[in-house]
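The shown structure was predicted, so the numbers you read here are calculated from the model rather than taken from an experiment. Atoms considered below: every heavy atom in the structure, side chains included; atoms not considered: hydrogens, waters and symmetry mates.
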Amino acid sequence: IRNEIPETEHNLLSLPGLASSDLQSKVDSLASLLLGRPLEAFARNGLLAAIRSAGATEEETLQIIAAGILASPAFQWR
């Protein structure tokens, strides 16, 4: 998710709904794209608090959330 595979790249902010200025809205849009629905507010807020408390930037936070969703059973069962 961090362009670590040679000759690959991504731009999460170019995905629909991720151009908003609010990080919570971006996470909701990302979850909706990947899971078909946003995360529940308490789960989203808990994840954001934990990731941000570790010193992650907004871009890193979105990357971590995306990687977590892609690795989650909820995504794998789709």
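- Across every non-hydrogen atom of S29 and P16, the tightest pair is CB-O, 4.1 Å.
- The structure places OG of S72 at 8.5 Å from CG of L39, a figure rounded to the nearest 0.5 Å.
- In plain terms, the two heavy atoms of A50 and S53 that are nearest each other are O-OG, 2.9 Å.
- Residues passing the salt bridge (Lys or Arg N to Asp or Glu O under 4.0 Å) test with E59: none are found, sequence neighbours excluded.
- Remark: L48 CG to L23 CG distance equals 5.0 Å, nearest 0.5 Å.
- Distance check: I51 CD1 to Q63 CD gives 11.0 Å after rounding to the nearest 0.5 Å.
- Counting all heavy atoms, side chain and backbone alike, A66 lies closest to L34 at O-CD1, 4.4 Å.
- Residue E58 holds its CD atom at 6.0 Å from CZ of R52, rounded to the nearest 0.5 Å.
- In this structure, the separation between CG on N45 and CD on Q24 is 4.5 Å, given to the nearest 0.5 Å.
- A pairwise comparison of heavy atoms in A56 and I64 identifies CB-CD1, 4.4 Å as the closest pair.
- From I65, atom CD1 reaches atom CG of L47 across 4.5 Å, with rounding to the nearest 0.5 Å.
- Across every non-hydrogen atom of A31 and P38, the tightest pair is CB-CA, 4.0 Å.
- Taking each heavy atom of L70 and F75 in turn, the nearest pair found is O-CD2, 3.4 Å.
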